2 protein chains.
Amino acid sequence: MKETSVADDVMRAAVELFAANGYANTSVQQVVEAAGVTKGAMYHYFQSKDDLLFGIYDRMLSLQKEHLDQIIERGGPVGEVLRAVCIDVIETSIDFLPEGTVFFRSMHMLAAPRQSEVTRRRRDYNDTFAKLIEQGQAEGLYRTDIPQPVLIANFFADVHYLSHWYSPEGPEGKTLLAEQLTDLFLTGIDAKAAKGGAR
Amino acid sequence: MKETSVADDVMRAAVELFAANGYANTSVQQVVEAAGVTKGAMYHYFQSKDDLLFGIYDRMLSLQKEHLDQIIERGGPVGEVLRAVCIDVIETSIDFLPEGTVFFRSMHMLAAPRQSEVTRRRRDYNDTFAKLIEQGQAEGLYRTDIPQPVLIANFFADVHYLSHWYSPEGPEGKTLLAEQLTDLFLTGIDAKAAKGGAR
DNA sequence: CGTGGCATACCGACTGGACGGTATGCAGGT
DNA sequence: ACCTGCATACCGTCCAGTCGGTATGCCACG
């Protein structure tokens, strides 16, 4: 049942190196050396360097989508579902911090068709998320004075940005942080928050 | 008073191409062709490809820092100063959307010493911003139940994320958007928002 | 049991081409 | 005569991907 440790080792090494030095600055040679295998072995399991990159994306996207579907299937009040989704995506993003770094930094290095597949799958996630917000708005939970795409961007911005500042060695625990960021987001979009503040 | 159109044209072309195809995927040859000059001309004004990249960063960082200083110097209640700063940084980020794309995507391609200079200047901005938040907290304006770095990250995440979703051709006007995002942020960090929401 | 046929897994030297950077040259202004 | 501003040809390096080859295991067949 072991996915031939070689392929696995290569992927692990690739994520680390890509995250640390960037995709373009990392040679296939470096990856295989770090993984303790040879170029021949690597090209036996992967078609190209591009393949390696896509593998990283594929794993992350599958995992997150899976989580999302599970949470929604579990059902419950929209407010709680949305909260659970937010917390989950932040937590998994923290678990996959290097992948996230690579993700946002190097997506444009992917060959065009794969790039659009990634985009498609991200849009999928986004749309499902949007439906939750919409439902919440219909129930009067969330404000409607700000366009939905802005509300959504406001959340994914946090997720995206994690890999730019969060350090697992820092003082913030991942669960607590997930709750705090979710709280900030939900407070911001709360219906009764509309149009307050100075000016 | 003209910064020798050549250097200017090159920079403009570079930003566009770097934003569209990435720094690593753009050859110096492509840049000079797009700019309508020759390689020799370019290397007459820039020391390296790296230099080109740093030029982009330098311009952006200088501009934003300048704005920040001006707004703070103007004085006024913390709440209004902070609001003005937020709106400004969002607006300038929209004005320099391609620069932003390049910025976050390719910072790691910079030579190490320059990378740390960029980091230093960003930290500078960050610290000044942090002081505003702190002052606001001292005045009881902003919540203190969430660590300051998280509050700050929550804002810069939005700024950062702009280049990933905002399109100037879209329905959102830049000024309005800046106000909406600022509003979402300020609502989230408002003192009387602490610990609300479902669950 | 052994032998031949075949597939999978892996090795590592090599190549072809791209690309950053440079060397050289030249025109025109002072 | 010399310097600035630029053009063009060229060089050295690096690197993704290839390719001929080997080792190992498996199955069939006599």
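Nothing here was measured: the structure is a model prediction, and the numbers come from that model. The analysis underlying the following values was restricted to heavy atoms, covering all of them including side chains, and did not include hydrogens, waters or symmetry mates. Convention: sequence-line order gives letters A, B, ...; per-chain numbering from 1.
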Student: Between A:Tyr45 and A:Gln29, which residue's closest nucleotide on DNA chain C lies nearer the 5′ terminus?
Tutor: A:Tyr45
Student: Is it true that B:Asp8 and B:Arg12 make a salt bridge, defined as a side-chain N closer than 4.0 Å to a carboxylate O?
Tutor: yes
Student: Can you check the A:Asn21 CG to D:dC15 P distance for me, whole Å?
Tutor: 12 Å
Student: Can a cation-pi geometry be assigned to B:Lys174 and B:Tyr166, taking NZ or CZ under 6.0 Å from the six-membered ring centre and within 45° of the ring axis?
Tutor: no
Student: For A:Ala24 and A:Gly40, find the nucleotide of DNA chain D closest to each by heavy atoms; which residue's nucleotide sits nearer the 5' end?
Tutor: A:Ala24
Student: How long is the line joining CG of B:Asn25 and P of C:dG17, in whole Å?
Tutor: 19 Å
Student: Starting from P on C:dC19, measure out to CE on B:Met42 and report it in whole angstrom.
Tutor: 15 Å
Student: Please state how far atom OH in B:Tyr43 lies from atom P in D:dT8, giving the value in whole angstrom units.
Tutor: 17 Å
Student: Look at the side chain of A:Ser48 and decide which nucleotide, out of D:dC15, D:dG17, C:dG20, has an atom nearest to it.
Tutor: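 That would be D:dG17.
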Student: Looking at D:dC6, D:dA16, C:dC10, which one has an atom nearest to any side-chain atom of B:Thr38?
Tutor: D:dC6
Student: Taking only side-chain N and O atoms of A:Lys39, does any of them lie within less than 4.0 angstrom of OP1 or OP2 on C:dG12?
Tutor: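 Checking C:dG12 against A:Lys39, no side-chain N or O comes under 4.0 Å of OP1 or OP2.
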Student: Take atom NZ of A:Lys49 and atom C1' of D:dC14, then tell me their distance rounded to the nearest Å.
Tutor: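 Going from NZ in A:Lys49 over to C1' in D:dC14 covers 11 Å.
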Student: Hey, are A:Asp124 and A:Arg120 close enough for a salt bridge, meaning a charged N less than 4.0 Å from a carboxylate O?
Tutor: no
Student: Are the side chain of A:Tyr142 and the backbone of A:Glu134 linked by a donor-acceptor contact shorter than 3.5 Å?
Tutor: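 Side chain of A:Tyr142 to backbone of A:Glu134, a donor-acceptor pair under 3.5 Å: no, none is there.
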Student: Provide, to the nearest angstrom, the distance between the CE atom belonging to B:Met109 and the C1' atom belonging to C:dG20.
Tutor: 13 Å
Student: Starting from P on D:dG21, measure out to NE2 on A:His44 and report it in whole angstrom.
Tutor: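 Rounded to whole Å, this separation is 19 Å.
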Student: Using atom CG of A:Asp50 as one end and atom P of D:dG17 as the other, report the distance to the nearest whole Å.
Tutor: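 Answer to the nearest Å: 8 Å.
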